[in-house]
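Working notes, beginning with the structure itself.
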Amino acid sequence: MTEKKSSGRGARELRVKVKSARGRKLSSTLWLERQLNDPYVKRAHDEGYRGRAAFKILELDDKFRFLVPGARVVDLGCAPGGWCQVAVKRVNALGEKSGKKIGTILGVDLQQVDPIAGTEIHQLDFMEDDADQKVKDWLGGNADVVMSDMAAASSGHKQTDHLRIMALCEAAAYFAFDVLEPGGTFVAKVLAGGAEGDLQKLLKQKFEKVVHVKPPASRSDSSEKFVVATGFRG
Ligand SMILES: C[S@@+](CC[C@H](N)C(=O)[O-])C[C@H]1O[C@@H](n2cnc3c(N)ncnc32)[C@H](O)[C@@H]1O
């Protein structure tokens, strides 16, 4: 690995260049180089988040303010746990903000997730039969926020990935229609590709406001964006 100075605008920053190594594919070298030069990866490490994804929900919440103290949150596709970590602080799940309401967080993922204080996490395939009923049972009531960062492993085929993620989003949306309190918020990751317009139409019937947003932490070379639907009509 070598470090070289790149002369960008303003301050000169150190850029890490990864030398290709025998046995390592070019794609792996490029991935490693991107990770090492990504300021959000460094911030996640410095601030104790389990991944750079944490900053996406932080930025979305800074804009839309749905993770308020006392909120009951469902986090679909929560591994490794960055969004949960953000939610714990913002909804006051550990009661650290004295005098403020205490929120709850329920996370689910296909993968096992190391425990996070202030959250209840279950391993579950959200697309299996009765998954939504299981989550409803664990929730034991309504939610104020349903958020989904669910994404299947990339197939390498753009349209297939788009359709897969839209199926996950749609399942999350129907679950949200069942559990959200009036006034609640639905946030989900989508990949641009055509079908996101249908989901937007569906959400517009149920929410007062529906927008697509690409937070700064979402890589500019990715077709990922987030649909944020606020003011559930119930
Ligand atoms: C981008 S990661 C989520 C990152 C997470 N928001 C964080 O901050 O750590 C996407 C997650 O969706 C999960 N996922 C994909 N399909 C799923 C499904 N059918 N049911 C549950 N989780 C799923 C994956 O296992 C993966 O952990």
Side-chain angles (χ1 to χ4, degrees), residues 31 34-35 38 40-62 64 66-67 73-91 93 105-139 143 145-156 160-176 179 185-192 199 213-219 221-228:
W31 179 87
R34 188 172 73 166
Q35 287 294 101
D38 183 335
Y40 284 104
V41 172
K42 183 174 182 319
R43 264 184 77 190
H45 178 263
D46 293 348
E47 294 175 32
Y49 289 118
R50 293 185 182 180
R52 69 186 300 294
F55 296 103
K56 299 177 194 173
I57 203 70
L58 264 172
E59 290 168 354
L60 289 171
D61 187 49
D62 283 346
F64 297 97
F66 45 89
L67 295 176
V73 178
V74 180
D75 182 2
L76 302 171
C78 67
W83 284 27
C84 285
Q85 289 178 296
V86 170
V88 165
K89 289 187 200 158
R90 296 219 163 173
V91 307
I105 298 137
L106 174 68
V108 300
D109 201 285
L110 280 176
Q111 298 174 44
Q112 213 177 343
V113 181
D114 287 340
I116 298 172
T119 65
E120 176 184 332
I121 297 179
H122 295 267
Q123 191 170 7
L124 173 80
D125 179 352
F126 192 68
M127 297 307 270
E128 80 183 22
D129 288 348
D130 292 340
D132 55 347
Q133 189 53 52
K134 282 184 186 156
V135 184
K136 278 180 214 164
D137 292 345
W138 292 325
L139 190 61
V145 179
V146 172
M147 50 193 201
S148 166
D149 197 18
M150 284 189 290
S154 171
S155 68
T160 303
D161 290 342
H162 166 67
L163 293 173
R164 279 187 185 161
I165 205 168
M166 293 317 300
L168 290 165
C169 273
E170 196 175 293
Y174 279 106
F175 170 78
V179 300
T185 300
F186 174 69
V187 178
K189 175 162 72 185
V190 298
L191 294 180
L199 178 72
V213 190
K214 189 162 177 75
S218 176
R219 290 187 165 115
D221 59 355
S222 136
S223 61
E224 159 191 286
K225 54 188 175 175
F226 292 84
V227 61
V228 181

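Every number for a ligand or one of its atoms is a count from 1 in the order of the listing. All heavy atoms count here, side chains included; hydrogens, waters and symmetry mates do not.
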What residues, two or more places apart in sequence or in another chain, satisfy side-chain contact (heavy atoms from CB on, under 4.5 Å) together with Ala188?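 Here the qualifying residues are Ser148, Cys169, Phe186, Val227.
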Ligand 1: protein residues within heavy-atom distance under 4.0 Å: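 Those residues closer than 4.0 Å to ligand 1 by some heavy atom are Ala53, Gly77, Cys78, Ala79, Pro80, Gly81, Gly82, Trp83, Asp109, Leu110, Gln111, Leu124, Asp125, Phe126, Met127, Asp149, Met150, Ala151, Leu168, Lys189.
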Minimal non-hydrogen separation, [X] against [Y], with atom names:
X	Y	result
Pro215	Val213	CD-O, 3.6 Å
Arg90	Asp62	NH1-OD1, 2.8 Å
Asp75	Cys84	OD2-SG, 3.2 Å
Ala192	Lys225	CB-CE, 4.1 Å

Within the supplied structure, the quantity of interest is the number of heavy atoms (other residues, nucleotides, ligands) at a distance under 6.0 Å from Gln112 CD; does it exceed 12?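 No, CD of Gln112 has 12 or fewer neighbouring heavy atoms, counting only those of other groups under 6.0 Å.
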